[in-house]
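Below is one structure, written out as structure tokens; comments come after it.
Hydrogens, waters and symmetry mates are skipped; everything else that's a heavy atom, side chains included, is used.
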2 protein chains.
Amino acid sequence: MPAETSQARRFGKTRAAQAQALLEDYAELIADLLACDGEARPTDIARRLGVSHATAIKTIGRLKREGLATSLPYRGVFLTPAGEALANKVRTRHRLVVAVLIAIGVPAEAAEQDAEGIEHHISPATLRAFSAFLKQYAGGAP
Amino acid sequence: MPAETSQARRFGKTRAAQAQALLEDYAELIADLLACDGEARPTDIARRLGVSHATAIKTIGRLKREGLATSLPYRGVFLTPAGEALANKVRTRHRLVVAVLIAIGVPAEAAEQDAEGIEHHISPATLRAFSAFLKQYAGGAP
DNA sequence: ACCAATATGTAGCCTGTGCTACAATTTGGT
DNA sequence: ACCAAATTGTAGCACAGGCTACATATTGGT
Ligand SMILES: [Mn+2]
Ligand SMILES: [Mn+2]
Ligand SMILES: [Mn+2]
Ligand SMILES: [Mn+2]
């Protein structure tokens with residue numbers, strides 16, 4: 001009942017965002033693989049993420065538990081509608097973050113690298129501001 | 001021996017950054033408490049972070065293992081020179097991230113919130129770009 | 001058709017980061 | 001000086017997300 005300090009509230013939200021991060025990256029990656037290759041195999045997911053296939057399979061299990069993905073034994077992974085919606089949101093946001101970083105003057109490779117972590121900590125308000133900033137920037141120097 | 005894909009390298013670096021994040025937040029917070037209150041007690045650290053005191057004490061143990069902090073039984077926590085250096089780096093970076101977000105048009109409260117997560121994924125190249133962007137921005141609209 | 005290579009899945013381990021419950025110590029008010 | 005409250009510390013649990021080792025299934029080349 002004593003007011004949670006605003007700092008504690010912020011840290012709590014940051015922890016919550018972090019807990020979502022891995023699911024977001026998996027959803028985005030699975031959607032990419034499905035679009036590019038027509039299938040998303042655990043081994044490919046693992047190689048792209050730089051983790052062992054056992055780790056990937058375990059996390060795919062979490063995606064399934066949370067209703068984001070489906071798969072049958074020895075078949076590839078697919079996204080549920082919720083998973084696809086998440087992937088779309090995440091892909092859009094990822095690209096916007098990269099674009100804003102580059103617009104600010106961050107070198108492309110650093111922008112790609114840092115966006116991979118930053119993207120998970122962008123609130124809706126920040127997303128709107130990024131979008132508006134990009135439009136203004138593109139309009140100001142065409 | 002086969003080239004690690006660039007995507008895998010990025011994800012790996014993001015994981016490494018995440019593993020550092022908690023230490024950075026603790027160092028920053030302990031330095032703040034020491035500066036403000038003259039002491040950094042586990043209970044205060046816990047309350048500011050919004051976690052139980054047991055959790056805070058365990059993480060303080062990790063800071064000590066990694067040479068960032070010291071403490072004696074039933075006394076407050078102090079930073080080693082390495083811990084102070086980290087705290088300074090993190091505080092500067094945190095403020096810069098907030099300033100850049102606000103300059104871009106992010107509302108202040110969202111900027112404070114999102115910076116808490118974003119700050120841990122800012123590479124040196126991005127830090128330089130942020131700094132340059134802020135100078136240009138401040139210079140362009142004084 | 002078969003066998004080897006590949007892919008998938010399982011088991012079990014570790015660490016980090018949360019928690020609650022309980023124990024021990026210190027502190028402060030009377 | 002003493003007792004109660006606050007603080008600190010410990011024990012033990014859960015879960016996420018890494019790993020290796022091993023088991024099982026599928027695939028493809030001969
Ligand atoms: Mn990411
Ligand atoms: Mn991404
Ligand atoms: Mn932070
Ligand atoms: Mn911070």
Side-chain angles (χ1 to χ4, degrees), chain A residues 2 4 8-27 29-30 33 37-78 116-117 120, chain B residues 2 4 8-27 29-30 33 37-78 116-117 120:
Chain A
E4 185 186 32
R9 189 167 40 249
R10 276 178 208 144
F11 279 120
K13 285 190 187 175
T14 299
R15 283 192 297 272
Q18 195 52 47
Q20 249 318 87
L22 198 63
L23 296 178
E24 294 178 347
D25 284 335
Y26 270 72
L29 175 55
I30 290 168
L33 288 170
D37 304 355
E39 60 179 357
R41 297 149 75 222
T43 297
D44 293 332
I45 295 170
R47 183 175 40 246
R48 295 270 218 118
L49 288 166
V51 298
S52 74
H53 80 276
T55 296
I57 286 173
K58 205 185 286 191
T59 304
I60 290 163
R62 190 179 155 209
L63 267 91
K64 290 159 79 175
R65 278 204 313 281
E66 307 211 2
L68 297 168
T70 58
S71 75
L72 296 177
Y74 293 93
R75 298 294 140 183
V77 182
F78 297 91
E116 202 52 73
H120 309 287
Chain B
E4 184 187 33
R9 189 167 41 249
R10 277 179 209 141
F11 279 120
K13 285 190 187 175
T14 300
R15 283 192 297 271
Q18 195 52 47
Q20 257 301 100
L22 199 62
L23 296 179
E24 293 178 348
D25 284 336
Y26 269 73
L29 175 54
I30 291 169
L33 289 169
D37 303 355
E39 60 179 358
R41 297 149 76 222
T43 298
D44 293 332
I45 295 170
R47 183 175 39 245
R48 294 270 219 118
L49 288 166
V51 299
S52 74
H53 80 275
T55 295
I57 286 172
K58 205 184 286 191
T59 303
I60 290 164
R62 189 179 156 209
L63 267 88
K64 289 159 80 175
R65 280 205 310 283
E66 308 211 2
L68 296 169
T70 58
S71 75
L72 296 177
Y74 293 92
R75 299 292 141 186
V77 182
F78 297 92
E116 202 53 73
H120 308 288

Whichever of A:Ala40 and A:Arg15 has the more 5' nearest nucleotide on DNA chain C, that residue is A:Ala40
Are the side chains of B:Leu68 and B:Arg62 in touch, meaning some heavy atoms are under 4.5 Å apart? no
So, using salt bridge (Lys or Arg N to Asp or Glu O under 4.0 Å) as the criterion, who are the partners of B:Arg47 when residues are at least two apart? B:Asp44
Judged by nearest nucleotide, the residue sitting upstream toward the 5' end of DNA chain D, A:Arg75 or A:Leu22, is A:Leu22
Mind checking the NE2-NZ spacing from A:His53 to A:Lys58? Nearest 0.5 Å is all I need. 11.5 Å
Hey, what do you get for CD (A:Gln20) to CD (A:Glu66), rounding to the nearest 0.5 Å? 7.0 Å
Boundaries of the DNA chain C segment in contact with chain A, non-hydrogen, under 4.0 Å: C:dA7 to C:dG18
So, do B:Val77 and B:Glu39 sit near enough that their side-chain heavy atoms are less than 4.5 Å apart? no
Can you find a side-chain donor-acceptor pair between B:His120 and B:Glu24 that sits under 3.5 Å? yes
Using a 4.0 Å heavy-atom cut-off across all strands, classify B:Leu49 as base, sugar-phosphate, or nothing. nothing
Taking C-beta and beyond as the side chain, do A:Ile45 and A:Thr59 meet within less than 4.5 Å on heavy atoms? no
Straight-line distance of B:Ile60 CD1 to B:Arg41 CZ, nearest 0.5 Å: 11.5 Å
Heavy-atom nearest pair, B:Ala56 first then B:Pro42, reads CB-O, 4.1 Å
Which residue is it: B:Leu49, B:Leu22, B:Val51? I am looking for the one with a side-chain contact (heavy atoms from CB on, under 4.5 Å) to A:Phe11. B:Leu49
Taking side chain to side chain donor-acceptor pair (under 3.5 Å) as the cut-off, I'd like each qualifying pair that reaches into residues 67-76 of chain B, sequence neighbours left out, listed once. B:Lys64-B:Ser71
Is there a side-chain contact (heavy atoms from CB on, under 4.5 Å) between B:Ile30 and B:Leu63 once you walk through the steps? CA-CA 11 Å; B:Ile30 291 169; B:Leu63 267 88; 4.1 Å; yes
Close approaches to DNA chain C from residues 52-67 of chain A, in residue order (heavy atom, under 4.0 Å): A:His53, A:Ala54, A:Ile57, A:Lys58
Between protein and nucleic acid, restricted to nucleotides 4-7 of chain D and to nitrogen or oxygen atoms under 3.5 Å apart, what atom pairs and distances do you find?
residue, atom, partner, partner atom, Å
D:dT7, OP1, B:Arg41, NH2, 3.2
D:dT7, O5', B:Arg41, NH2, 3.3

Report for the helix from C:dA1-D:dT30 to C:dT30-D:dA1: angle between first-end and last-end helix axes, five pairs each, rounded to 10 degrees. 10°
